[in-house]
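Data first, discussion second: the structure below is written as structure tokens.
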Amino acid sequence: MSKTLLIVESPAKAKTIGRYLGKDYRIEASVGHVRDLPSRTIGVNVRNDYKPQYVMMAGKEKVIRELRSAAESADRVLLATDPDREGEAIAFHLAHLLKLDPKDDLRVTFNEITNKAVNEGVMQPRPINLDLVDAQQSRRILDRLVGYELSPLLWKKVKKGLSAGRVQSVTTRLIVMREREIEAFVPEEYWLIHAHLKKDKDDKVFRARYHGRIESGKVKKFVPANKEEADGVLAAVKDQPFTVRQVKKRVAKRQPWAPYTTSTLQQDASRMLGFTSGRTMRIAQQLYEGVTLPGVGQTALVTYIRTDSVRVSPDAIQEARSQIVTMYGDKYISAKPRMYRNKNQAQDAHEAIRPTHFDLPPSAVEGKLTKEQARLYKLIWDRFLASQMAAAEFDRVDVEVEANAQIFRAKGERLRFAGFMALWTTEPKDDDDQQLPELEDGETLDLKKLEPEQKFTQPPPRYTEASLIKTMEEYGIGRPSTYAPTIMTIQDRQYVERLPGRTLKPTELGVLVTTLLEENFDTIVDPEFTAEMEHRIDTVETGENDWVKIVDEFYKPFHKMIVKADKAVEKIEMPVIEVGRKCPKCETGDLLIKDGRYGKFIACSRYPECDHSEPIVEKAGVDCPLCGSDVIIKTARKRRRKFFVCDQAGKDPKCPFISWDKPVPGETCQTCGTYMVEKRYGKKTYKRCGNKDCETNKKTTKKAVKKDEADEKDA
């Protein structure tokens, strides 16, 4: 009997696909890439058309041996790696190692792993797309040339262990530029004035904000810049009647968002679930490759998760619309199927991220997935279904109130028809929206009080992972597969640190390296130049450009900059921060603060003669609830997450206190007597018992329970 060998990337994906193909197929996994440029040398011949020197990746000998054996005993080999540039390149390298002709019909792709998609895919094999392979190869070679020539320069001029990259360096610069804006920001004073008004005794008080004044018959906006100007407005309206000048009523519609791309999924998972981009992609990959469902087996729940496309297949749209009718009724679907447009043609390779099995709603699989899988799956499911729902409708009221030619404005909004918001209710609300009474032009209102408030303009906020990814996408820096690893890399290299509240701040090292690159390699850290290079790589994918030409046009001027900087840049001495103590081991060296792989630490100035080191102790400012000693803050190496521990933890007698949450001084649980801790959920904080088995913790909200379970998994 003939046998077809089908090779995918991951074992989980192999199990899922194995459900849909019969006994005539043998499914094996390459476990990712199998060949790459060598790790210890540049591996690119810059004198011979940038010919790459690929080698088998370390640790892949057994995998390749087993794949070769399986290929020899098969009548046909199909390569079903992921449907993107990386997947095409992996297929190309597998063909080379298995001695297959890439021009033969051996490449198959599945945008979703379902019975229909898999069986249709294996019936439509094609040759390997060498343009896609060249696009991946050109990006890999560009990154290798930058990294292998620029990083040694940083070692020589700054310190050992530093790295630079074509995408990571410009991403770091975005964060540095934002920090410079914040530092240079000069706050400006302004005043808000609110009039608290009432229609009559029975009506609720509403607020109208001061907008400006009438000059020459027209309303001119005016913002008081100081107390004197605010007092002038207050004096002008004192003892004056407040009259409704104008009421505007209209029906406003709010349209649903497009289904998720990689970027928008990472942004919402950060904003709404508190996931890092790396965590989001790890969980999404599991949902794409397949999870084990009791009674069903290995099942993929979402389509391919690395995409910048918002296109959706007609079949999926009809499935979604049928679900909406079943769940909510006919009036909740849009009048006609919604078709979303991509920004450019290069983004149309894949569908948007969506569910693959519409008979498996989140409620049906919630108990069969991990908590984080269930939360992300529900996010993808809700966003996709909402994208095909009717618009939400609101009754909007805009009111102008006049007092002695001074104008105050109020606005109100009342939900008229929920539409997609019956499912998708995560959009932020406008703080100025309120419920207004029925008002008519010329009506006199009762002023309850005037409330002046001094304010100051705020600097631009630091980036979060979500806002950084959005900016990278807007500039065109990187691609869906690079956002998460780039952000993780710049944190691992200690160019950027993640602060409480999920904001990103450049370290002193990050600023120093960025400044050096700006002064000597302006194009490397220029967002527009980096975006243009991404566009040029896209033209290789479409067959419009030759990859060797693109690499050559980049490398020659870049190499000249390297040679020039090597001669011109002086050695930068990293600032030495002294602790103010002598080394307790050698008693002659001074203790200094140094940067290490896992952050700052204290070490002897006589290293390597003296190898004494100790951690930097960051006090939490509270006493240990168990022994009364100091509580200190430490950082978990794996997830770079802060936790709290007693400073007597490693001493004798040992104190067992350790917690992800900061203890609340002097407060104990009224139910069990255990200390209280401060929990954070999103931007909100609340107190709860530090004993997870306490009855009070079993009565927390569903959201809090999910957060606690996620914390326990992290621990």
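Keep in mind that what you see is a predicted model, and the values were worked out from it rather than measured.
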Pairwise distance [atom1]([X]) to [atom2]([Y]) - rounded to 0.5 angstrom:
X	Y	atom1	atom2	value
Leu142	Ile537	CG	CD1	5.5 Å
Thr261	Tyr340	OG1	OH	13.0 Å
Arg139	Glu86	CZ	CD	8.0 Å
Arg180	Ile175	CZ	CD1	12.5 Å
Asp84	Thr307	CG	OG1	10.0 Å
Thr280	Tyr483	OG1	OH	14.0 Å

Side chain [X], main chain [Y], donor-acceptor under 3.5 Å:
X	Y	result
Thr299	Gly290	no
Arg173	Val525	yes
Gln373	Thr370	yes
Thr482	Arg479	yes
Ser151	Ser163	no
Thr262	Ile305	yes

Going by heavy atoms in the side chains, are [X] and [Y] under 4.5 Å from each other?
X	Y	value
Leu293	Leu369	yes
Glu497	Leu504	no
Trp424	Pro256	no
Trp257	Ser387	no
Thr471	Tyr463	yes
Ile524	Val170	no
Glu112	Arg354	yes
Val645	Val631	no

Is atom [atom1] of [X] surrounded by more than 12 heavy atoms (other residues, nucleotides or ligands) closer than 6.0 Å?
X	atom1	answer
Tyr475	OH	no
Met327	CE	yes
Glu532	CD	yes
Glu181	CD	yes

Carboxylate-amine/guanidinium contact [X] [Y], below 4.0 Å:
X	Y	result
Asp538	Arg85	yes
Arg414	Glu393	no
Arg688	Asp661	no
Lys687	Glu678	no
Arg271	Asp268	yes
Glu351	Arg311	no
Lys470	Glu465	no

Please tell me whether Tyr675 and Phe657 form a close aromatic pair, meaning their ring centres lie under 6.0 Å apart.
yes
Show your reasoning for whether side chain to side chain contact (heavy atoms under 4.5 Å, CB included) applies to Lys13 and Asp82.
CA-CA 10 Å; Lys13 193 174 176 183; Asp82 286 351; 2.8 Å; yes
Arg321 vs Ser334, side chain to side chain donor-acceptor pair (under 3.5 Å): CA-CA, chis, key distance, verdict
CA-CA 9 Å; Arg321 293 172 71 82; Ser334 56; 2.8 Å; yes
Which heavy atom of Leu376 sits nearest a heavy atom of Ala284, and at what distance?
CD2-N, 3.6 Å
Side chain to side chain donor-acceptor pair (under 3.5 Å) between Ser10 and Glu289, intermediate numbers included
CA-CA 8 Å; Ser10 77; Glu289 292 179 348; 3.0 Å; yes
For the residue pair Phe358 and Phe384, categorise the inter-ring angle as parallel (less than 30°), tilted (30 to 60°) or perpendicular (more than 60°).
tilted
Taking atom types as modelled, is there a side-chain donor on [X] or [Y] under 3.5 Å from an acceptor on the other?
X	Y	result
Ser270	Gln266	no
Glu9	Ser30	no
Thr486	Thr489	no

Option from Phe110, Tyr288, Tyr260 for which ring-ring contact (aromatic ring centres under 6.0 Å, His included) with Tyr304 holds
Tyr288
Between Thr172 and Gln168, is the side chain to side chain donor-acceptor pair (under 3.5 Å) condition met? List the steps.
CA-CA 6 Å; Thr172 303; Gln168 78 172 58; 5.8 Å; no
